[in-house]
There are 2 protein chains.
Amino acid sequence: MLALVVPIAKRRKEDVTVKLIAVFKQLIAEGTLEPGGRLPAERELAESFGVSRSSLRQALKVLEIMGVISQRVGDGTYLNKGADAILREPMEFLILLDGISAHELMEARLLVEPELAARAALRGSDEDVAEIYKELRAMEAAKEDHAKFVAHDLLFHQAVFHAAGNRVTSLMFSVVHKSLDKLITMTSQVVEPEHTLTLHRRIYQAIRKRDQDESRRRMTEHLVDARDLLSRAAEKQSHFQMAARIQSLKKKETRPSR
Amino acid sequence: MLALVVPIAKRRKEDVTVKLIAVFKQLIAEGTLEPGGRLPAERELAESFGVSRSSLRQALKVLEIMGVISQRVGDGTYLNKGADAILREPMEFLILLDGISAHELMEARLLVEPELAARAALRGSDEDVAEIYKELRAMEAAKEDHAKFVAHDLLFHQAVFHAAGNRVTSLMFSVVHKSLDKLITMTSQVVEPEHTLTLHRRIYQAIRKRDQDESRRRMTEHLVDARDLLSRAAEKQSHFQMAARIQSLKKKETRPSR
DNA sequence: GGGATTTATTGGTATTACCATTCCCCTCAG
DNA sequence: CTGAGGGGAATGGTAATACCAATAAATCCC
């Protein structure tokens with residue numbers, strides 16, 4: 001575990017909200033708050049922290065959107081266990097603000113996933129490999145249903161990540177996958193499922209053989225193929241978006257200055 | 001650019017806050033809001049959206065913490081341009097909640113950065129390579145100042161990322177670097193700077209020679225070394241944390257249930 | 001014309017009130 | 001004794017209001 005918590009000093013000119021978030025971080029790090037545990041009611045928390053409920057709610061809302069906590073009316077606030085979705089919202093904004101294209105996301109996959117496949121071949125347990133096979137079978141069973149087919153395609157890759165045994169990359173790229181989901185689904189409608197399946201089978205077999213080099217090559221082969229297919233789909237997509245944008249080009253929310 | 005915006009339907013049982021965030025996402029995607037641009041005042045925005053200022057502020061706070069916007073009292077609210085820090089807070093919580101260790105973060109670096117070094121050797125422009133060299137020189141100049149030395153160490157790696165030309169991985173791992181920053185600084189105090197410098201020089205020279213394989217090997221060499229050094233430092237760190245935790249083990253914020 | 005001062009605007013915080021949902025406990029019928 | 005039902009309390013969600021502090025623009029004064 002790391003030392004992420006910032007000392008309570010130096011927190012002078014910051015928002016109450018920011019301070020509160022830091023406090024929660026501290027409480028989680030200390031173990032005072034346990035995953036799955038229930039937090040005190042907002043009114044109590046606000047009082048014990050010496051802040052208004054509105055300010056507290058701002059902090060809690062941030063944590064909720066980030067997936068750290070869950071709130072349910074009439075019930076209470078709970079600290080989430082795993083936080084898979086924690087990077088999703090931020091990543092979406094990142095893609096929007098920095099104008100990151102599908103192509104660039106695929107390039108990122110191409111950089112990382114081959115190495116992960118190699119690692120999966122090296123360190124994956126038999127159970128891990130079985131899980132990869134399971135998703136391969138699920139893909140075969142869902143040839144007709146594009147959405148389901150793509151879902152299991154991505155789960156196949158997630159299984160490879162898991163076999164590689166590094167949660168950091170796994171979590172990061174699950175977000176990348178999610179961002180690409182729709183586009184991949186679009187693409188899959190113009191590609192023969194058997195084509196995709198063949199490439200995945202090769203990856204699986206290479207990992208099963210514990211052949212690192214071939215695993216890396218096969219994953220590269222698949223992603224290069226997917227990248228090129230996606231690029232073409234993305235072009236159409238962007239034409240589509242362009243047309244839609246023309247209509248809503250009345251700037252009505254921004255304002256110059258005063 | 002991707003299609004991340006969710007259709008306005010299906011937004012029924014969600015928070016006003018969540019809806020508002022979706023609206024902002026939409027406005028950014030449309031281009032109605034431009035990076036660097038100024039948003040209307042909170043009071044105006046709230047009225048035009050038909051929500052209370054409190055609810056609007058919750059949404060804005062989320063966006064601010066994520067680094068999407070910046071707010072300044074007496075001035076106004078602005079849409080940020082690049083959003084480098086957007087993943088930082090979420091990542092810190094992720095590390096806390098999932099209990100990700102420094103070792104695991106280093107493993108992630110070890111998986112990804114060698115390939116990025118190879119890519120930098122392949123595609124980096126001469127300017128990119130010069131930038132890497134600049135950070136190497138900065139490291140040499142800061143041998144005595146551990147904090148500065150580590151800062152330029154990480155900037156060296158960032159420069160390699162930039163040379164590799166993929167912003168996705170670059171953004172992701174800048175967060176990983178930041179999380180490791182303190183620990184690396186601790187470690188650097190017990191390591192001869194010249195040792196670290198030698199390893200970095202080899203990486204730089206390999207990239208400069210445009211030798212992909214050697215770049216990959218040299219980066220691996222460096223990170224394996226760093227990982228092992230860090231693991232030892234992390235042990236001490238965890239002992240330290242353990243001692244601190246014992247004192248603050250009075251659970252005062254959680255409560256069973258009612 | 002330039003620096004100091006005033007003034008209006010803006011985000012930050014707190015308080016209060018009310019609503020809808022949920023849970024818990026108690027009652028009552030079987 | 002058990003289970004179904006109801007009512008009340010607690011909880012998060014939203015809104016409205018008031019005031020503060022910081023900022024920037026306009027104004028004033030020298």
Side-chain angles (χ1 to χ4, degrees), chain A residues 8 10-24 27 33 36-80 89 253-258, chain B residues 10-24 27 33 36-80 85 89 253-258:
Chain A
I8 42 179
K10 277 197 171 181
R11 302 217 158 272
R12 296 186 181 169
K13 297 191 71 175
E14 292 175 340
D15 276 359
V16 171
T17 307
V18 176
K19 288 183 198 167
L20 285 176
I21 291 176
V23 169
F24 280 112
L27 292 175
L33 295 179
R38 184 171 185 273
L39 277 67
E42 290 186 349
R43 291 164 179 84
E44 292 179 37
L45 265 182
E47 192 185 6
S48 75
F49 284 148
V51 300
S52 71
R53 200 183 150 208
S54 353
S55 297
L56 175 71
R57 274 185 63 75
Q58 288 183 31
L60 290 178
K61 208 67 201 174
V62 173
L63 297 185
E64 199 197 13
I65 299 291
M66 291 201 308
V68 177
I69 61 173
S70 296
Q71 295 192 293
R72 285 189 296 275
V73 274
D75 188 354
T77 304
Y78 298 85
L79 186 63
N80 288 161
E89 282 290 333
E253 293 304 338
T254 46
R255 198 187 62 166
S257 184
R258 57 182 164 184
Chain B
K10 277 198 172 182
R11 300 220 159 269
R12 296 186 182 170
K13 298 193 70 177
E14 290 175 340
D15 276 359
V16 171
T17 306
V18 175
K19 287 184 199 168
L20 285 175
I21 292 176
V23 169
F24 280 111
L27 292 175
L33 295 178
R38 186 173 185 272
L39 278 68
E42 291 186 349
R43 292 164 178 84
E44 293 179 37
L45 264 184
E47 192 186 6
S48 76
F49 284 148
V51 300
S52 72
R53 200 184 149 206
S54 348
S55 297
L56 176 71
R57 273 185 64 72
Q58 289 184 31
L60 291 178
K61 209 67 200 174
V62 173
L63 298 184
E64 198 196 15
I65 300 291
M66 293 200 309
V68 178
I69 61 173
S70 295
Q71 295 191 293
R72 286 188 297 275
V73 273
D75 188 354
T77 304
Y78 298 86
L79 187 62
N80 287 159
E89 283 289 333
E253 293 304 338
T254 45
R255 198 187 59 169
S257 184
R258 59 181 162 187

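All values derive from a computational prediction rather than experimental measurement.
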Between the protein and nucleotides 12-16 of chain C, which nitrogen or oxygen pairs are less than 3.5 angstrom apart?
| residue | atom | partner | partner atom | Å |
| --- | --- | --- | --- | --- |
| dG12(C) | OP2 | R57(B) | NH1 | 2.7 |
| dG12(C) | OP2 | R57(B) | NH2 | 3.2 |
| dG12(C) | OP2 | Q71(B) | OE1 | 3.2 |
| dG12(C) | N7 | R53(B) | NH2 | 2.8 |
| dG12(C) | O6 | R53(B) | NH1 | 3.2 |
| dT13(C) | OP1 | V16(A) | N | 2.6 |
| dA14(C) | OP2 | S52(A) | N | 2.9 |
| dA14(C) | OP2 | S52(A) | OG | 3.2 |
| dA14(C) | OP2 | S55(A) | OG | 3.0 |
| dA14(C) | N7 | S54(A) | OG | 3.4 |
| dT15(C) | O4 | S54(A) | OG | 3.2 |

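- Looking at every heavy atom in both residues, L20(B) comes nearest to A59(B) through CB-CB, 3.8 Å.
- Taking both residues in full, the closest heavy atoms of T17(B) and S55(B) are given as OG1-O, 4.1 Å, listed atom of the first, atom of the second, then distance.
- Scored by the side chain to side chain contact (heavy atoms under 4.5 Å, CB included) test, S70(B) finds N80(B) as partners (sequence neighbours excluded).
- Partners of E42(B) by salt bridge (Lys or Arg N to Asp or Glu O under 4.0 Å), not counting sequence neighbours, listed by chain and number: R53(B), R57(B).
- In this structure, E44(B) atom CD and dT9(C) atom P are separated by 10 Å, rounded to whole Å.
- Taking atom CZ of R38(A) as the reference point, atom P of dC23(C) lies 10 Å away to the nearest angstrom.
- Whole-Å rounding puts the I69(A) CD1 to dT11(D) P distance at 15 Å.
- Listed by first and then second residue, the salt bridge (charged side-chain N to carboxylate O under 4.0 Å, His left out) pairs involving residues 62-74 of chain A are K61(A)-E64(A), R72(A)-D75(A) (not counting sequence neighbours).
- Atom OH of Y78(B) and atom P of dT23(D) are 12 Å apart (whole Å).
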Can you pull every protein N or O that's under 3.5 Å from an N or O on nucleotides 3-6 of chain C?
none

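- Applying the side chain to side chain contact (heavy atoms under 4.5 Å, CB included) test to S54(B) and every residue at least two apart in sequence or in another chain returns S52(B).
- The nearest whole Å value for the distance from the CG atom in L60(A) to the C1' atom in dT14(D) is 15 Å.
- Here V23(B) pairs with L27(B), F49(B) under the side chain to side chain contact (heavy atoms under 4.5 Å, CB included) rule; sequence neighbours left out.
- Looking at heavy atoms from C-beta onward, I69(B) lies out of side-chain contact with F24(B) at the 4.5 angstrom threshold.
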